[in-house]
Amino acid sequence: MRRNKIQPMEIAQAALSALFVIALLTLLRACGPKEDGTWMHCHSAWKAVVILAAVMLVLSAAKLGLRQPAASAAIDIAVIVLAAVTTLIPGNIVSMCMMHTMRCWSVLRPGVIVFCVLILLAAALDIASLCRAKKGNG
Amino acid sequence: MNFANYLARKNIKRKPARTAALVLLAAFLSLSIFGGSVIIASLRNGLASYEARLGADIVAVPSQARSKGTFESILLQGIPGMFYMDEQYYEKIRDIEGVEIAAPQFFLASASASCCSVSVQIIGFDPELDFTVQPWIRESYADELGDGDVIVGCEVTAPDDGIITFYGMDCHVVAQLDKTGTGLDTAVYANMNTIRALIENAQRLNFTAFDEIDPDHAVSAVMIKVADGYDVETVVNDINIHVRRIEAAQAANMISGISAGLSGVSHIVGLLTGMIWVLAIVILVIAFAMIAHERAREFAILRVMGASQNMLSRLLLTESALISVIGAAIGLVLAALVVLPFSGLIQTRLELPYLMPNAGMIAALAAGALVLAVLAGSLTSAVSAYRISKHDAGLSLREGA
């Protein structure tokens, strides 16, 4: 059965993804450049997270126009996987600065975790509502 | 499922905007109490940890280090500092009556760590005399700290190859210490031979900060244990009178200063939590009273159809309980998403010792906040529920007509 209107969780997912990208470019930036102008390790982590966040935003925005539940569910699953991988980027997959008191550890990493958890929850709840709707019609 | 529960769920779904607003208010209840209690518990843990890590009865540093607050900055905020006095002052302190042990420490700030533009605090200690650092190190590393070996605080990422370079000298990381919630978490510990080697290297590399320091005859601080039977304050006064250019302070005074700061923050957190609770509960009480008033006809019809007065009360209480449970759970999640991942940032901003409680304690605080928020939220409809049970159905229907 087609979804007739945009669901609240779809809007939440898109809004959170957009906020995530904005936050990464403003509040959640990693440490600044060194005195010699070169960048620290955490800059690579930040760039990787920005790219993944942008992909999540594109997927979440594309889902708003979709009416097929199967396609919506597939995008939700992709967003869940992306969000899970993104939480592992700073400090695990990509190394960051040595001192945990630096901005990359105290601001960027927790900010990434918070946003990814919220986006993941929104996607999971959307999948749950899709399943419930399918059961109701089934 | 009984009829009251069924109807309560239907009513909640029927008015999503109103339900969302009430859920948000209920979320504030659990968010404020859980977030506030985690912060206060972390501050208390941090203070206890700070007290344990100081270890000494008296701390003596050069006067300029005390007046500039450099020593406290190292302990509380982990801001690297260097200050020195000639070892003759250490010898004078050692000779003061009442001093049982005087353990020297040497503070060195590296130029920068291998990856970043921040310097690292390196603390050197004498293994034969030390009684403050080694008990703590023993918790993570049982062997003797050799020359060239270092132990890093928990906020320092130990490199994969175990080698960390300061002033061009490779040091071998042998252990990482447990978190203390103080500025010492960003420090690196070494024995005095390693410190001397680092300074010699720094001098060879023309770091001018060390030109006037003789690493073989300089100390930064002296940690003092007072002998049994001697009054700590008397020994402090003796040191300050007889050893010039040195300032000795009781460790207890340093702790009481921080304790005062902690009390201040705790009071502010408590006040904010109280204000949020009063506001949220007042609004919830008014909201449920308005809901009950606007649904008077609906309740009257239910009474006419055979619903008992108790059932109507149960209906309203069930709605408020459901809203409170959902709101409290959301509030807990939101509070957890702020205070848990951002604990490092909170510690940096507060500039106080800050050590998160263990997982069990956090779970207990969460459970307590959930129960309190659900109880408080549920009881906000109690007055309205009682009124409904006493209201005359016929009167409501006539008024509606």
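These numbers were taken from a predicted model, which means no experiment stands behind them.
Atom OG1 in Thr101(A) sits 11.5 Å away from atom CG in Leu345(B) (nearest 0.5 Å). Once rounded to the nearest 0.5 Å, the distance linking CZ of Phe115(A) with CG of Leu337(B) reads 10.5 Å.
By the 6.0 Å contact criterion, CE on Met361(B) is open, its count of non-hydrogen atoms from other residues, nucleotides or ligands being 12 or less. Residue Asp160(B) qualifies as open at atom CG: its count of foreign heavy atoms under 6.0 Å is 12 or below. Open room surrounds CZ on Phe28(B); 12 or fewer heavy atoms of other groups in view lie less than 6.0 Å from it.
The shortest non-hydrogen separation linking Gly344(B) to Ser106(A) is C-CB, 4.4 Å. Across Pro110(A) and Pro341(B), no two heavy atoms sit closer than the pair CB-O, 3.3 Å.
Using a 4.5 Å cut-off between heavy atoms, Val114(A) touches chain B through backbone and side chain atoms alike.
Put simply, the side chain of Thr157(B) gets close to the backbone of Met98(A): a donor and an acceptor are under 3.5 Å apart.
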Might you work through the side-chain contact (heavy atoms from CB on, under 4.5 Å) test for His100(A) and Val156(B), ending with a clear yes or no? CA-CA 6 Å; His100(A) 289 202; Val156(B) 180; over 6 Å; no

